[in-house]
Amino acid sequence: DSGVTQTPKHLITATGQRVTLRCSPRSGDLSVYWYQQSLDQGLQFLIQYYNGEERAKGNILERFSAQQFPDLHSELNLSSLELGDSALYFCASSGSDRLGADTQYFGPGTRLTVL
Amino acid sequence: ELKVEQNPLFLSMQEGKNYTIYCNYSTTSDRLYWYRQDPGKSLESLFVLLSNGAVKQEGRLMASLDTKARLSTLHITAAVHDLSATYFCAVRSYNNNDMRFGAGTRLTVKP
């Protein structure tokens with residue numbers, strides 16, 4: 001158990017809808033990262049937050065947004081969903097603000113299915 | 001654009017043998033990562049390599065980084081079945097904070 005929790009585990013929704021994925025980092029970790037894994041696109045880094053502020057941005061679509069709250073949990077919002085958004089979404093946490101400067105601990109993932 | 005190429009994509013090994021996975025990348029980077037993913041599971045961080053010539057070892061796995069050649073290797077020594085998994089490398093762009101992953105190497109270790 002990495003100490004990182006993600007909810008929900010599974011999510012099934014329809015095209016055009018909006019969903020929110022939630023991530024709680026390990027106790028004491030200030031950085032949260034979001035990744036997407038799909039058969040078509042492979043693994044992609046989406047975005048990093050550190051102590052509430054955006055620190056690094058990857059291949060994140062404009063339809064997607066994220067934020068980190070004062071209690072350090074993070075939410076990834078996906079809107080106007082398309083079939084191609086079906087994927088596993090992982091979050092990870094670490095203690096550092098520099099992307100990957102220290103070990104990242106990954107949550108179990110949320111499997112999103114868009115029908 | 002930062003591109004990361006991993007090879008081989010599939011690797012079937014016998015227990016006890018040695019092998020190397022290669023990770024090439026296209027632009028200047030100051031940080032390279034290796035991850036492991038078991039089937040149906042999440043990712044596990046293996047190594048973070050921060051400088052040219054960096055070498056890290058954990059058990060039967062050893063990772064190295066040559067920033068001049070833009071190449072990292074993950075060497076497997078005396079493979080055991082428990083090492084069967086998919087291994088990903090990822091590179092952080094020096095110019096921004098984007099991060100790109102390789103396609104992954106699916107390793108199967110047979111008895």
Side-chain angles (χ1 to χ4, degrees), chain A residues 1-7 9-10 21 23-26 29 31-50 53-61 66 87-111, chain B residues 1-7 9-10 21 23 25-51 54 56-59 61 63 65 67 72 85-106:
Chain A
D1 184 358
S2 67
V4 179
T5 60
Q6 287 186 250
T7 56
K9 285 188 178 178
H10 302 276
L21 312 183
C23 170
S24 293
R26 288 190 326 153
D29 282 355
S31 270
V32 171
Y33 313 79
W34 286 98
Y35 300 89
Q36 180 196 59
Q37 186 175 31
S38 66
L39 287 175
D40 290 344
Q41 307 276 356
L43 265 168
Q44 295 193 89
F45 164 66
L46 297 178
I47 199 162
Q48 178 205 2
Y49 277 83
Y50 176 80
E53 293 190 3
E54 182 183 307
R55 278 303 172 97
K57 205 165 188 176
N59 205 20
I60 187 166
L61 299 172
L88 264 172
Y89 291 84
F90 293 108
C91 82
S93 74
S94 75
S96 172
D97 66 333
R98 293 168 60 209
L99 177 60
D102 60 353
T103 299
Q104 297 172 49
Y105 296 88
F106 286 81
T110 293
R111 182 174 292 280
Chain B
E1 182 189 339
L2 177 57
K3 292 184 180 178
V4 181
E5 200 171 285
Q6 230 178 295
N7 66 84
L9 298 183
F10 298 92
I21 299 170
C23 177
Y25 53 96
S26 61
T27 64
T28 305
S29 170
D30 63 349
R31 199 152 297 154
L32 189 132
Y33 319 88
W34 286 97
Y35 300 93
R36 168 182 172 145
Q37 186 175 37
D38 291 314
K41 302 290 186 182
S42 186
L43 290 157
E44 176 189 353
S45 293
L46 294 176
F47 303 108
V48 181
L49 302 169
L50 301 178
S51 61
K56 288 195 175 179
Q57 183 162 6
E58 180 76 32
L61 300 177
L65 178 61
T67 57
S72 178
T86 299
Y87 293 85
F88 293 93
C89 67
V91 177
R92 188 194 86 153
S93 170
Y94 184 79
N95 296 321
N96 56 41
N97 277 321
D98 192 13
M99 183 178 177
R100 297 294 170 102
F101 284 81
T105 296
R106 184 178 293 182

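So that the names make sense, note that chain A is the first sequence line, chain B the second, and so on, each numbered from 1. Here the structure is a predicted model, which means the values were calculated and not measured.
Open room surrounds CD on Glu53(A); 12 or fewer heavy atoms of other groups in view lie less than 6.0 Å from it. By the 6.0 Å contact criterion, CZ on Arg111(A) is open, its count of non-hydrogen atoms from other residues, nucleotides or ligands being 12 or less. The environment of Lys56(B) atom NZ is dense: over 12 non-hydrogen atoms of other residues, nucleotides or ligands sit within 6.0 angstrom. Annotation: Arg36(B), atom CZ; neighbour count of heavy atoms from other residues, nucleotides and ligands within 6.0 Å is above 12.
Judged by distance alone, with hydrogens and angles left aside, the side-chain atoms of Ser45(B) form no donor-acceptor pair with the main-chain N or O of Thr103(A) at under 3.5 Å. The closest donor-acceptor contact from the side chain of Ser42(B) to the backbone of Gly109(A) lies at 3.5 Å or more, if one exists at all.
Note that CG of Asp98(B) and CD of Gln44(A) are 9.0 Å apart. Values are rounded to the nearest 0.5 Å. Distance CG/Leu43(A) to CE/Met99(B): 9.0 Å, rounded to 0.5 Å. Note that OH of Tyr35(B) and OH of Tyr35(A) are 4.0 Å apart. Values are rounded to the nearest 0.5 Å.
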| Candidate pair Gln37(A) and Gln37(B), rule side-chain contact (heavy atoms from CB on, under 4.5 Å), full reasoning | CA-CA 12 Å; Gln37(A) 186 175 31; Gln37(B) 186 175 37; 2.9 Å; yes
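No side-chain N or O of Glu44(B) forms a donor-acceptor pair with one of Tyr105(A) less than 3.5 Å apart.
Residue Phe47(B): no heavy atom, backbone or side chain, is found under 4.5 Å from chain A.
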